[in-house]
Protein chains: 2
Amino acid sequence: MPQPISRTASDRAHDAVLRHIEESLRSGDLKLGDRLPGERALADQFGISRASVRDAIRALEVMGVVKSSTGSGPNAGTIVVSDPSAALGSALRLHVASQRLPVRDIVEARVMMETWSLAHAAEASWEPGQLDEARRLLDAMDDGGLPSPAFTALDAQFHVALSALAGNAVVSTMMDSLREAIRTYVDDAVAHRGAWADIVGTLREQHRGILEAVEARDGERASRLVREHIEWFYARTL
Amino acid sequence: MPQPISRTASDRAHDAVLRHIEESLRSGDLKLGDRLPGERALADQFGISRASVRDAIRALEVMGVVKSSTGSGPNAGTIVVSDPSAALGSALRLHVASQRLPVRDIVEARVMMETWSLAHAAEASWEPGQLDEARRLLDAMDDGGLPSPAFTALDAQFHVALSALAGNAVVSTMMDSLREAIRTYVDDAVAHRGAWADIVGTLREQHRGILEAVEARDGERASRLVREHIEWFYARTL
DNA sequence: CGTCGGTCTGTGGTCTGACCATACAGTCCG
DNA sequence: CGGACTGTATGGTCAGACCACAGACCGACG
């Protein structure tokens, strides 16, 4: 472990911690699931106060890089996680709230990514077993008593599972974050518009059609269907 | 101004501040450029400590929603900004460092967004004057004495300016953040590979060609050229 | 002997109060 | 009139303390 005691090249106190952790991630000293030293220990090592250490860790937590838990034992403390979707989604949600990013553009970007993913999934190499989860999710969505937020949660997982076939983690992550950014917005709209019973049946049919197209490795059809699926839903709901 | 004193529905102390500010952004009570109350005032209003207020503001700062400055006067304090590109870029950079997101996928996602943008820019409506900035950037990049990081910075602005023609703020933002996520990585690679003098000439030619295609509203050609441009550069550099 | 309970310990979460560096606003003095 | 000085409010940092929590440990009891 290197000597993180020097902070000569840093104005802000917490920057030293941030840069050291980023460097540790890059070098492999810190891997997914590893525990960070305690906040008091880090403060000691860097010669700064615990408040500044918390400042740095807070930033990492917002970016979805670490997760803090209270208590003791192996599951407690600050551990390295990897949740970029939630982090990007939260940030995007705030910028939608401040009207910097229009909901319309979010939906359009999602269509771009979903169509791209399915078009590439048709040409990529993957085991047929990778579709098992997608099928399982569709079956779960057949439950008639499912409340709409639960349905849309499964729906999101279905889309992520399909897009994962394209083999691009960045696209899958961003797609998921776009959905997360407007999730509460959409759920509220669904709750107030009613007519959910009418909508959900069509969604199920569309999902089956998309899955079939992917199974047949027909990228053109899968892209077209998923575009119609998304655009129809948002036109109907928002 | 509503009653932000109650925190009955919140476990974490800082969550109350976060939710209140998000709500204020959504309702329009807080707009771009507005100043937040001071940290001490907020702590008073919410009945929590200043440390917890700072926790919430820190989260907003990481997400690119606010910016804090010391001092006094109109330019000091915490003001509402809107810098989603930098925020998303930093988060993505960390996840690249932790090897959760491969650089290859970042580049591939960028190609997807750039080609999409230029294809849509050809069909969108925009004033010819909107290309003035793109031309100005190309002229600035003709400076032979430009260090490579300065060139790539202008390069990035050029791509953002072109993609803005498609009229989708989310795509432009994400495109920019992808570039930002691997900026230092690319700059380092350029510095160590040498051969910059050979590369930069080709880049200039490619840029001119892309701009011409956009001016001619030939979306298919612009997309193809930008794809070749990006893929050539990364194949050559990384 | 085995198990249940309390206790210990270490973690992050919060609070308090203080001091510092900064940047502007007003004032005072030359 | 103008420049230097002082005042003031801001975020940034620090120190020390206490709390809630969760697992580890260990003793007492069935």
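Chain A is the first sequence line, chain B the second, and so forth, proteins listed ahead of strands; every chain is numbered from 1.
Listed by chain and number, the residues in a ring-ring contact (aromatic ring centres under 6.0 Å, His included) with A:Trp196 are A:Phe151 (sequence neighbours excluded). Residues satisfying the side-chain contact (heavy atoms from CB on, under 4.5 Å) criterion with B:Arg136, sequence neighbours excluded, are B:Glu133.
For the 3.5 Å distance criterion, the side chains of A:Arg110 and A:Tyr234 qualify, holding a donor opposite an acceptor. In summary, the side chains of B:Ser68 and B:Thr78 do present a donor paired with an acceptor at a separation below 3.5 Å, with no hydrogens or angles considered.
Rounding to whole angstrom units, CG of residue A:Leu36 and P of C:dG12 are separated by 9 Å. With rounding to whole Å, B:Glu39 atom CD is found 14 Å from C:dA21 atom C1'. Atom CD1 in A:Ile57 sits about 14 Å away from atom P in C:dT14, given to the nearest Å. When the C1' atom of D:dT10 is taken as reference, atom CZ of B:Arg35 falls 8 Å away, rounded to whole Å. Atom CZ of A:Arg58 is separated from atom C1' of D:dG12 by 17 Å (rounded to the nearest Å). Note: CG (A:Asp44) to C1' (D:dC14) measures 14 Å, nearest angstrom. Computed from coordinates, the A:Asp55 CG to D:dC14 P distance equals 10 Å when rounded to whole Å.
Nearest approach of A:Ala166 to A:His120, heavy atoms of both residues: CB-CB, 4.0 Å.
Close to D:dG12, at under 4.0 Å from its OP1 or OP2, lies a side-chain N or O of B:Arg54. At least one side-chain nitrogen or oxygen of A:His14 sits closer than 4.0 Å to the OP1 or OP2 atom of D:dT13.
Residue pairs meeting the ring pair (Phe, Tyr, Trp, His ring centres under 6.0 Å) criterion with at least one member in residues 158-179 of chain B, sequence neighbours excluded, are B:Phe158-B:His207, B:His159-B:His207, B:His159-B:His229.
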side-chain contact (heavy atoms from CB on, under 4.5 Å) between A:Asp132 and A:Arg135, worked out:
CA-CA 5 Å; A:Asp132 289 346; A:Arg135 293 196 196 89; 2.9 Å; yes
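DNA chain C is contacted by A:Ser68, A:Ser69, A:Thr70, A:Gly71, A:Ser72, A:Gly77, A:Thr78 of residues 67-82 of chain A, taking any non-hydrogen atom closer than 4.0 Å.
Screening B:Leu178, B:Ile182, B:Leu92, B:Leu94 for a side-chain contact (heavy atoms from CB on, under 4.5 Å) with B:Leu101, the sole residue that qualifies is B:Leu92.
In this structure the side chain of B:Met112 never reaches within 4.5 angstrom of the side chain of B:Met175, judged on heavy atoms.
With axes fitted over five pairs at each extremity, the angle between the ends of the helix from C:dC1-D:dG30 to C:dG30-D:dC1 is 10° (10° resolution).
One finds a salt bridge joining B:Lys31 and B:Asp34 here, because a Lys/Arg side-chain nitrogen approaches an Asp/Glu carboxylate oxygen to under 4.0 Å. The pair B:Arg19-B:Glu22 does not meet the salt-bridge criterion, since no charged nitrogen lies less than 4.0 angstrom from a carboxylate oxygen.
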List every contact pair, protein side and nucleotides 15-19 of chain D side both N or O, where the distance is under 3.5 Å.
residue	atom	partner	partner atom	Å
D:dA17	N6	A:Arg50	NH1	3.4

